[in-house]
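Just so it is clear: chains get the letters A, B, ... in the order the sequence lines come, proteins before strands, and each one is counted from 1.
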There are 2 protein chains.
Amino acid sequence: MVQYITPRLDASFAALSDATRRGVLEQLGRGDASITELAEKFHMTLTGMKKHVGVLEQAGLVTTEKVGRVRTCKLGRRRLEEEAAWIESYRQLWDTRFDALDEIVEELKQREKVDGRKK
Amino acid sequence: MVQYITPRLDASFAALSDATRRGVLEQLGRGDASITELAEKFHMTLTGMKKHVGVLEQAGLVTTEKVGRVRTCKLGRRRLEEEAAWIESYRQLWDTRFDALDEIVEELKQREKVDGRKK
DNA sequence: AATATACTGAACCATATGGTTCAGTATATA
DNA sequence: TATATACTGAACCATATGGTTCAGTATATT
């Protein structure tokens, strides 16, 4: 069984729970951007955007580098592997669980049919 | 392009950002459970667990039904499809982005080699 | 040298989160 | 009928979140 690093999943799922931050990730996927550029694109103050970038950086999803007076943001090395894996394993659990339930439902339907005939 | 329902992703990613709640989902994958059972398993007050279950329910990941004095919690109908899809599309973006970068790095390496020879 | 740009940090604000306790209500059990 | 069980809701608490403004600092540009 895969071992998940809990605080990491906490941080990355929390980072992904905000639409602005998901938008920033998508944006950075199309090219690096400065804080100013991101702030404008998402109609927010510089300070506000800096905080969002900070959250993404903490989660390892973004890296930044300051050159001159401009801080450039890029996608980080993390590719959401662990997050994808967690969700995938949950989906398998879900499938198993509901396949099992479906069998029971089928059985109940069968029984109902039989009971119907008896009446 | 797939359309994501933003408040839904917000709610489900937020729900997944807590280790206790992820644990509850895994637990319910192995079988239904009452609030009391979950509270005990996760060393928490009934009230505390009820709140977590409420968050999962809001996100559509869990459903509950009260029979007599016991409220039974089950996995909800949502299978994290949208969440998986968002992450998958992000991973594709990431791959494209970094494959492109790798090419540039390769090119720079080549150029360096040539420059080296020239000296 | 003066001005404009890009960010940074502190402080503030309202609301949310993750937990608790305590005082109920409703339902089983003896 | 009395008691135990299972939950519920309100209130409280500390801390986090998502945003702002305002007052800087550092770097470019003119």
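Between the CD1 atom of A/Ile35 and the C1' atom of C/dT5 there is a distance of 14 Å, rounded to whole Å. At whole-Å resolution of the value, CZ in B/Arg69 and P in D/dA6 are 6 Å apart. One atom, NZ of B/Lys66, and another, C1' of C/dA26, lie 7 Å apart when rounded to the nearest Å.
Between A/Arg79 and B/Phe98, every side-chain heavy-atom pair lies at or beyond the 4.5 Å cut-off. Counting heavy atoms from C-beta outward, A/Leu61 and B/Trp94 have side chains that stay 4.5 Å or more apart. Contact annotation: the side chain of A/Glu83 approaches that of A/Arg78 to within less than 4.5 Å [non-hydrogen atoms, C-beta and beyond].
Residues A/Val55 and B/Leu16 do not share a hydrophobic cluster, clusters being chains of Ile/Leu/Val/Met/Phe/Trp/Tyr side chains in contact below 4.5 Å. No continuous path of hydrophobic side-chain contacts links B/Phe42 to B/Val70 [ILVMFWY only; heavy atoms under 4.5 Å].
Of the side-chain N and O atoms in A/Arg71, one or more sit less than 4.0 angstrom from OP1 or OP2 of C/dT8.
Helical stems of DNA chain C (runs of at least 3 Watson-Crick or G-U pairs, donor-acceptor distances under 3.5 Å) are listed by first residue: C:1-30 with D:1-30.
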**Asked** Stepwise, does the side chain to side chain contact (heavy atoms under 4.5 Å, CB included) test hold for A/Arg77 with A/Thr63?
**Response** CA-CA 8 Å; A/Arg77 337 100 200 123; A/Thr63 55; 3.0 Å; yes

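Taking the charged nitrogens against the carboxylate oxygens, A/Asp10 and B/Arg21 have no contact shorter than 4.0 Å, which rules out a salt bridge.
Remark: side-chain polar atoms of A/Tyr90 are not paired, donor with acceptor, to backbone N or O of B/Arg22 under 3.5 angstrom.
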**Request:** Treat primed atoms plus P, OP1 and OP2 as sugar-phosphate and everything else as base, then score nucleotides 11-23 of chain D 5' to 3': B for base contact with protein heavy atoms under 4.0 Å, S for sugar-phosphate contact only, - for none.
**Result:** -------BBBBB-

